[in-house]
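Remember, it's a predicted structure, so these values are computed and weren't measured experimentally. Chain letters run A, B, ... following the sequence lines, proteins first and then strands; every chain starts at 1.
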There are 2 protein chains.
Amino acid sequence: MPGLGDLERSVMDVLWDSHEARSAYDVQNALAADSERPLAATTVLTVLSRLEKKGFVRRERVERPHRYSAVASREDHMAELMHEVLGGADDRQAVLARFVGQVSPAEAEALRKLLSAN
Amino acid sequence: MPGLGDLERSVMDVLWDSHEARSAYDVQNALAADSERPLAATTVLTVLSRLEKKGFVRRERVERPHRYSAVASREDHMAELMHEVLGGADDRQAVLARFVGQVSPAEAEALRKLLSAN
DNA sequence: AGCTATTTCTACGCTCTGTAGAACTCGTTC
DNA sequence: GAACGAGTTCTACAGAGCGTAGAAATAGCT
């Protein structure tokens with residue numbers, strides 16, 4: 001249930017950026033584009049397996065190159081993380097107060113709209 | 001820059017719950033109250049030192065039993081964590097939309113008030 | 001049945017965290 | 001001022017998580 005490591009997060013980013021299911025090779029190539037040294041195929045597979053075990057990634061074993069996809073969208077994931085933080089608070093309202101106190105005016109306005117849209 | 005471990009969080013909780021600066025012994029006793037097995041004094045000191053290095057705790061070395069206190073309030077800390085999560089998003093508004101979409105009606109109302117209070 | 005692409009198993013080094021003994025320091029006592 | 005004791009710093013180690021990948025197993029194709 002812990003968070004994500006650096007490489008794990010990079011892999012999630014790849015899956016999030018291409019909204020379809022991807023093979024391990026796709027992920028490997030996408031990662032290679034960003035960094036000099038390419039990762040071994042097994043490394044990518046290991047990370048994907050760990051992400052699956054953690055519940056962040058879904059794997060389709062139908063075709064031979066298995067396809068992987070993110071369980072939740074990046075936005076849902078992040079919103080969930082924020083709720084997790086908030087969940088550990090005894091005084092949620094106080095935390096929310098501090099939180100909205102630090103958002104930019106533009107974002108405050110956006111929040112107002114979101115909340116009134118109801 | 002990583003997060004907090006279980007014991008580290010417990011120590012922070014002690015400091016947060018008593019809003020004044022506390023000695024390591026105070027922390028040790030508070031922790032002993034919650035769990036069966038008491039921790040060694042050095043363990044508490046080590047954790048407090050690590051928390052200081054991480055910037056979560058401030059230490060006053062004036063008196064002989066040093067006094068420790070939380071740098072930020074629990075609420076500020078949590079709001080900060082939420083902003084950290086949000087900071088990693090490319091589309092912040094989308095994350096905020098998901099986030100407010102999952103708050104309870106009561107909290108949504110509270111948020112409305114907080115935002116209109118400008 | 002054998003070759004090749006892919007996946008699973010196993011493993012190792014590094015960092016972080018919980019845990020604490022050993023060693024050191026500083027104010028107080030004889 | 002030498003010894004003592006409370007408190008602090010140093011050093012250490014084990015376990016978990018993660019990056020990393022070779023070795024071994026598997027599965028489809030020829």
If you look at every strand shown and take non-hydrogen atoms under 4.0 Å, does B/Ser49 touch a base, only sugar-phosphate, or nothing? nothing
Atom-pair distance (CD on B/Glu60; P on D/dG7), nearest Å: 17 Å
Under-4.0 Å side-chain N/O to phosphate OP1/OP2 contact, B/Thr43 with C/dA20: yes
For B/Leu114 and A/Ala97 the tightest heavy-atom approach is CD1-CA, 3.6 Å
note: B/Glu63, atom CD; C/dT28, atom P; distance rounded to Å ~ 12 Å
Under-4.0 Å side-chain N/O to phosphate OP1/OP2 contact, B/Lys54 with C/dT17: yes
salt_bridge(B/Arg50, B/Glu8) N-O dist < 4.0 Å: no
Is there a donor-acceptor pair under 3.5 Å between the side chain of A/Arg112 and the backbone N or O of B/Leu115? yes
Could one point to a donor on the side chain of B/Thr42 or the base of C/dA22 with an acceptor on the other under 3.5 Å away? no
Distance, rounded to the nearest Å, where A/Glu52 contributes CD and C/dT8 contributes C1': 12 Å
Going hydrophobic residue to hydrophobic residue with side-chain gaps under 4.5 angstrom, can you get from A/Val71 over to A/Leu45? no
For residues 13-23 of chain B, which residues have at least one heavy atom under 4.0 Å from DNA chain C? none
Is it true that a side-chain atom of B/Ser116 and a backbone atom of B/Lys113 form a donor plus acceptor pair closer than 3.5 Å? yes
Looking at every strand, decide which applies to A/Arg37 at a 4.0 Å heavy-atom threshold: base, sugar-phosphate, or nothing. sugar-phosphate
Look at B/Arg61 and D/dT9 and indicate whether a side-chain polar atom (N or O) is within less than 4.0 Å of OP1 or OP2. yes
Round to the nearest Å and state the distance from B/Leu31 atom CG to C/dA20 atom P. 12 Å
Just call it for A/Leu7: base, sugar-phosphate, or nothing, with non-hydrogen atoms closer than 4.0 Å on any strand. sugar-phosphate
Starting at CG of A/Leu39 and ending at P of D/dT20, how long is that distance when rounded to a whole Å? 5 Å
Rounded distance (Å) that lies between atom P of C/dT6 and atom CG of A/Asp26: 11 Å
Nearest heavy-atom approach of A/Leu51 to A/Val11 is CD1-CG1, 3.7 Å
On the 0 to 90° scale, with breaks at 30° and 60°, tag the A/His77-A/Phe56 ring pair as parallel, tilted or perpendicular. perpendicular
Donor-acceptor pair present, B/Arg50 side chain and C/dG18 base, under 3.5 Å: yes
Could you check whether the side chain of A/Arg64 and the base of D/dT26 have a donor-acceptor pair of N or O atoms closer than 3.5 Å, going by distance alone? yes
Quick one: do A/Glu60 and A/Arg58 satisfy salt bridge (Lys or Arg N to Asp or Glu O under 4.0 Å)? Show the steps, please. CA-CA 7 Å; A/Glu60 298 162 38; A/Arg58 186 188 311 114; 5.7 Å; no
Relative to the 5' end of DNA chain C, which residue comes earlier, A/Ala24 or B/Ala40, by the nucleotide with the nearest heavy atom? A/Ala24
B/Leu48 CG to C/dA20 P, straight-line distance once rounded to whole Å: 15 Å
Between D/dG19 (C1') and A/Gln28 (CD): distance, integer Å: 15 Å
So, does A/Thr46 get its side chain near the phosphate of D/dT20, meaning an N or O under 4.0 Å from OP1 or OP2? no
